[in-house]
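Worksheet: the structure to be examined is printed underneath.
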Amino acid sequence: MTLPNPTPITPDPGSAAPLYSPARVKELLTRHGLRPTKSLGQNFLIDGNILRAIAEAGGAAPGVPVLEVGPGLGVLTREIASRGAQVTALEKDERLRPVLAETLAGTDVQVIWGDALDFDYASLPDGTRVIANLPYYITGVLLSRFMHAPGILSATVLVQKEVGQRLAAQPGEDAYGFLSALAALHGRVKHVRDVPKGAFLPAPDVTSSVIRLDFDRSRPAPEAAYLKFVEAALHHRRKTMRNNLRMAGHAGEAIDAALHAAGLRPDVRAEDVPLDQMRHVALELGVVR
């Protein structure tokens with residue numbers, strides 16, 4: 001269900017001051033009686049170079065439809081809008097209404113108030129690019145929704161460094177898992193840059209990374225049954241693929257035959273298996289056709 005009541009920002013030509021300095025952020029929070037809410041993952045960017053790098057890497061340009069999740073104080077939002085992009089921002093925290101009315105004045109940004117988990121991403125226009133400092137506690141869920149939304153071409157997002165490593169990992173690497181496979185099945189991943197804790201106010205507990213995911217909409221989306229199979233195969237790290245698939249309900253003899261047909265050892269771990277061989281096993285087991 002699409003969230004209701006998109007709110008156009010009231011123009012105010014007098015509010016073009018930079019928003020990313022720590023003093024400006026603190027002043028906004030103090031004047032509006034706000035404190036960042038940890039449960040909402042609110043860590044506000046205060047580094048202008050990083051803001052510009054994110055907007056540039058994300059493809060913010062005149063006429064490009066951009067979706068931002070969690071605009072916060074509107075610091076990144078304004079940078080994206082200044083490049084001529086058509087920005088829609090999803091914000092859950094109603095306390096930020098007066099702040100965004102102030103910081104985004106003079107732009108044509110559309111703010112939609114509500115939970116990003118309730119938004120219908122399939123409703124976005126073709127060619128949409130996501131550019132966002134994602135709330136860390138729902139990063140995985142949101143990335144999955146972006147991957148499955150046909151109108152979204154790319155997602156350039158700030159995530160925990162560990163999550164960025166998982167997204168970009170290849171089979172055989174320590175960080176490889178289901179999130180890595182999911183990203184690879186939908187397109188390709190590029191690590192843009194790491195972001196130190198001091199680039200945020202308040203500083204988070206972890207280092208962050210800017211990651212760009214480009215989704216290949218020219219190929220068929222992976223079948224739900226295949227995604228479930230890959231998730232099951234990778235579910236327990238350090239267990240063999242055979243054991244994981246047995247726990248998922250497949251018969252041992254059938255698994256042995258499928259692994260052999262795919263040219264894999266009986267004791268192979270799924271995190272070492274390239275996706276083409278993973279699909280071969282799924283075909284042999286009748287999961288996909």
Side-chain angles (χ1 to χ4, degrees), residues 57 134 136 139-148 152-194 206-289:
L134 292 181
Y136 287 170
T139 293
V141 175
L142 290 178
L143 289 176
S144 178
R145 304 235 178 135
F146 301 158
M147 292 175 194
H148 289 90
I152 297 180
L153 277 183
S154 68
T156 302
V157 292
L158 265 164
V159 298
Q160 290 185 25
K161 184 175 181 177
E162 178 186 350
V163 174
Q165 291 171 334
R166 287 164 53 202
L167 283 164
Q170 300 297 312
E173 296 179 353
D174 286 344
Y176 187 80
F178 178 62
L179 188 59
S180 323
L182 190 63
L185 286 167
H186 285 88
R188 65 184 186 276
V189 180
K190 176 185 177 183
H191 174 272
V192 177
R193 64 177 296 167
D194 290 334
V206 296
T207 301
S208 304
S209 294
V210 180
I211 299 292
R212 173 164 165 156
L213 298 91
D214 285 279
F215 307 124
D216 186 354
R217 303 305 184 189
S218 66
R219 58 169 120 153
E223 308 94 316
Y226 181 53
L227 292 178
K228 185 177 179 181
F229 172 83
V230 173
E231 186 173 21
L234 290 162
H235 187 65
H236 294 283
R237 288 188 61 81
R238 308 309 175 197
K239 286 186 180 293
T240 65
M241 186 171 174
R242 184 182 193 276
N243 283 345
N244 279 338
L245 292 178
R246 284 200 68 185
M247 292 173 67
H250 296 280
E253 289 185 1
I255 297 169
D256 292 338
L259 292 174
H260 180 74
L264 295 169
R265 302 188 320 270
D267 62 347
V268 71
R269 292 188 174 95
E271 56 260 38
D272 295 324
V273 178
L275 285 170
D276 57 347
Q277 286 179 287
M278 183 80 75
R279 188 167 185 90
H280 194 158
V281 174
L283 284 164
E284 292 290 334
L285 289 173
V287 174
V288 293
R289 303 190 184 282

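As a basis for the values below, the full set of heavy atoms in this structure was taken, side chains included, without hydrogen atoms, waters or symmetry mates.
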If you measure from CD on Q160 to OG1 on T207, what distance do you get to the nearest 0.5 Å? 10.0 Å

Any side-chain heavy-atom pair of E162 and V206 under 4.5 Å: no

Nearest 0.5 angstrom please: L245 CG to L285 CG, how far? 6.5 Å

Nearest-0.5 Å distance, CD of residue E271 to CG of residue L234: 7.0 Å

State, with a plain yes or no, whether a side-chain heavy atom of F215 is found less than 4.5 Å away from one of I152. yes

Heavy-atom nearest pair, L158 first then S208, reads CD2-CB, 4.0 Å

Closest heavy-atom contact between A270 and A233? CB-O, 3.1 Å

Taking every heavy atom of M241 against every heavy atom of V281, the minimum-distance pair comes out as CE-CG1, 4.0 Å

Please evaluate residues K239 and R269 with respect to the criterion side-chain contact (heavy atoms from CB on, under 4.5 Å), reporting the C-alpha separation (whole Å), side-chain torsions for both, the decisive distance (0.1 Å), and the verdict. CA-CA 6 Å; K239 286 186 180 293; R269 292 188 174 95; over 6 Å; no

For R219 and L185, indicate whether the former's side chain and the latter's backbone hold a donor-acceptor pair under 3.5 Å. yes

I'd like to check D256 versus R242 (side-chain heavy atoms, cut-off strictly below 4.5 Å). Are they in contact? yes

Quick check: do N243 and H236 have side-chain heavy atoms less than 4.5 Å from each other? no

Determine, step by step, whether V163 and L179 satisfy the side-chain contact (heavy atoms from CB on, under 4.5 Å) criterion, reporting the C-alpha distance in whole Å, the side-chain angles of both residues, the deciding distance to 0.1 Å, and the verdict. CA-CA 9 Å; V163 174; L179 188 59; 4.0 Å; yes

Given side chains that start at C-beta, do those of V189 and R212 come closer than 4.5 Å, heavy atoms only? no

Find the distance between CG (L143) and CD1 (I211) and round it off to the nearest 0.5 Å. 10.0 Å

Quick check: closest heavy atoms across L264 and Q277, and the distance to 0.1 Å? CD2-NE2, 3.4 Å

Is there a side-chain contact between D216 and R188 in this structure, where contact means two heavy atoms from C-beta onward sitting under 4.5 Å apart? no

Given the rule in the salt bridge (charged side-chain N to carboxylate O under 4.0 Å, His left out) test, do E223 and R279 qualify, once you have shown the distances and angles that lead to the verdict? CA-CA 11 Å; E223 308 94 316; R279 188 167 185 90; 2.7 Å; yes

Is it true that a side-chain atom of S180 and a backbone atom of R166 form a donor plus acceptor pair closer than 3.5 Å? yes

If we check side-chain contact (heavy atoms from CB on, under 4.5 Å) with P222, which of these qualifies: V230, L227, L275? L227

Could you check whether atom NE2 of H235 has more than 12 heavy atoms from other residues, nucleotides or ligands sitting under 6.0 Å from it? no

F146 side chain near S154 side chain, heavy-atom distance below 4.5 Å: no

CD1 of I255 to CD of E284, rounded to nearest 0.5 Å, is 13.0 Å

Paired with V210, the side-chain contact (heavy atoms from CB on, under 4.5 Å) test is passed by just one of V159, V157, D194, V192, namely V192

E231 vs L182, side-chain contact (heavy atoms from CB on, under 4.5 Å): CA-CA, chis, key distance, verdict: CA-CA 9 Å; E231 186 173 21; L182 190 63; over 6 Å; no

Tell me, do H191 and S209 make a side-chain contact under 4.5 Å, heavy atoms counted? yes

Step through the shown structure and confirm whether more than 12 heavy atoms of other residues, nucleotides or ligands are within 6.0 Å of CZ on R246. no

For R265 and L259, work out which heavy atoms get closest and say how close. O-CD1, 4.1 Å

NE2 of H250 to CZ of F229: how many Å apart, nearest 0.5 Å? 5.5 Å

Which heavy atom of L283 sits nearest to which heavy atom of V288, and what is that distance? CD2-O, 3.4 Å

